[in-house]
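Reading through the structure tokens given below for one structure.
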Amino acid sequence: MSKKVLILVAWPYANGPRHIGHVAGFGVPSDIYARYMRMAGYNVLMVSGTDEHGTPIAMQAEKDDISPQVLVDKYNKQIVEDLYNLGLSYDLFTRTTTGNHTKVVQNVFLQLYKNGYIYKDTMSQAKEAGTGKTLPDRYIEGTCPKCGYFPARGDQCDNCGSQLDPTDLINPVSKNTGKSPIFADSVHFFLDLPALKEALTKWLKSRKNWRPNVLKYSLNIINDTKPRAITRDIDWGITIPLPNWRDESNKKLYVWFDAVVGYLSACIEWARRKGDAELWRQYWNDKNCQSDYFMGKDNIAFHSQIWPSQLLGYRGLGSKGGQTGAYGDLNLPTEVVSSEFLTMEGKKFTSSQGIVIYVKDILAKYPVDALRYYIAAAGPENNDTDFTWESFVQRNNSELVGSWGNLVNRTLNMVYKRFSQISQIDMSQLERNDTKLLSKIESVFPEVANLIESHKQQAGLSKIMKLVNDTNAYITATEPFKQDDFRARQILWVCIQAIYNINTMLAPYIPHSAQKVLLSLGVTNQKIPMPQIETVIDLDNSNRQYPIITGDYKLNDMAIKWQMTYLRGNSKIAKPEPIFQKIDPKIIEQELNGLINKKII
RNA sequence: CGCGGGGUGGAGCAGCUCGGUAGCUCGCCAGGCUCAUAACCUGGAGGUCGUAGGUUCAAAUCCUUCCCCCGCUACCA
């Protein structure tokens, strides 16, 4: 049995379509990693889904005068389509409003409760005057008691940086209505983070290979750990699974408490759909299975603190002791891979002000791999990075089309025009130039593998692109178009092998084009796996259907493997058509005008 | 002293953990080639690596001072 890896990807919030900043943060990087890991022979399980509970969705549904379920159905569908169109190869992309998820979340809650890590307490809470609806801290504004700044928010003053409680504000008002909120006591359940602090700290300190900033940040915030309310006064969410609370329609579990449990519940749903309801245990209960989480940097706290705390408490490993529940000893995260942020022509993405490029819009106009390549090459892996249309066009035209696409195209043209097929040659007769290039390519396989496994995908990609340049230089140096047939066959054979193997390494980054390259090389017994959308029936509610992303990524061994491989046989090739298209630089101005018209820049 | 990240040729970045000729992509200049999507290849100009000091035979890299940018406990990823 090959080594198992769980790839757990942040759950997009279903309150609107996703923009390219979202997918640059968690989507494309996690898919590159998953595709590589499968090619390298790991047994991968990758899951995610839409996150569909919480106040913002409830409020927006009310504004749109529809039920929250109708709202999330709409955006779930759209997000599923976006991620599918990007070719993200989830084994299961589901959602948090399923019967399965609800049950798993409630089981986790009950075990935590039983072990003593969840307790009841009273807190003062702001409510909307008139409707009596709960008002989240950030929807309250007023004058800061420390510096007099207005408008300071209920949680923090932007001017002096003070941490605030809504009750501290002078003349607090609701951002929604402008009226003063009403403060009232409310009973809630709390996750006892202090009781888990020691176990959590110990665990964090054993995470030697994490990126230093993630580790530092996590250890830092742990110092002033407080119990955290995990229920809310809201009617949209998962029911509290306790007597006297089940029927309380206005108290539900806090959205973050349920969202992170999705990582587990989605694996359970995957196993149930596979027909072996216990299959997920191979990933979650096996200590040797690693679990890698992908997210934007704003989510670090939930993955390095809240979720591990829930898991530790579930297993009874905090200061209050306890026992593990029916799910057994669930693995804590091995890696928390966080991306930085993407900005848009120098501004932060903000859908409310239209500073945004939606995934569906960009994919409607430009090839999917142009976007994937851009994100892979210039995305926010280590620093915040700025998306500009100019650099998008330039990267596509110069690197993807000019270097790589042209290499494929010029080689195939020479082969087609002169021999109309890829001819076999005797490798032992190759010249030094030839073998040098081939062994160089072979040596890059393990180098890129190391880089991707240590989450340095950009460095990996630039190593591959260096090989593209080397091969272009090789053609210039050997001048196959001036050689006799014997030598020309040799050179072109070497070029074909170079292209085939470089294409293998590019496959995790730009899978759609990798498939096209395979076809134009006449390779039909290998494929690049792609996800599918399927409509399924809720396993716990036969009246309900929803779309999922899933797929067969092994393809009965037709999937391509991460290793230097020589193409054999004399495959005929068709008249080559360019695989990569240039993007007209005029679109830079057009797209920018679009933004100017919206008065954004 | 709240915490953290960053300041490297015109632009965007790598290098800094483990000090030793400053590297990549784009742009610019010159040349080459013509198989290819005016593509590709070669060479060149251009940097006192934010500032001031220290350690060292040697510092972008280690230590200290100061300056400037940017995030930060909110489901805006």
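A note on names: the letters A, B, ... follow the listed sequences, proteins ahead of strands, and every chain is numbered from 1.
Within a 6.0 Å sphere centred on NZ of A:K463, other residues, nucleotides and ligands contribute 12 heavy atoms or fewer. Heavy atoms from other residues, nucleotides or ligands lying under 6.0 Å from NZ of A:K77 number 12 at most. Atom CD of A:E589 sits in a sparse spot, with 12 or fewer heavy atoms from other residues, nucleotides or ligands closer than 6.0 Å.
Here A:Q581 lies out of heavy-atom contact (under 4.0 Å) with every strand. The residue A:Y416 sits apart from the nucleic acid: no heavy atom pair falls under 4.0 Å.
Phosphate contact (OP1/OP2 of B:C24, side-chain N/O of A:S462, threshold under 4.0 Å): absent. Regarding contacts with the backbone of B:U34, a side-chain N or O of A:K482 is found under 4.0 angstrom from either OP1 or OP2.
Taking the six-membered ring for Trp, A:H53 and A:F257 have ring centres at least 6.0 Å apart.
One atom, NZ of A:K466, and another, P of B:G23, lie 13 Å apart when rounded to the nearest Å. What separates CE of A:M465 from P of B:C41 is a distance of 11 Å, to the nearest Å. Summarising the geometry, the separation between CZ on A:R228 and P on B:A74 is reported as 6 Å, rounded to the nearest angstrom.
The side chain of A:P578 lies closest to B:U37 when the candidates are B:C35, B:U37, B:C26. For A:M414, counting side-chain heavy atoms from C-beta on, the closest listed nucleotide (B:G71, B:C33, B:C35) is B:C35. Nearest to the side-chain atoms of A:T476 among the listed nucleotides B:C40, B:U34, B:U37 stands B:C40.
Across the P atoms, B:U42 and B:C3 are found 49 Å apart, a figure rounded to whole Å.
Sequence order on RNA chain B of the closest nucleotides to A:N409 and A:S398 puts A:S398 first from the 5' end.
B:C3: Watson-Crick or G-U partner is B:G71, with both key distances under 3.5 Å.
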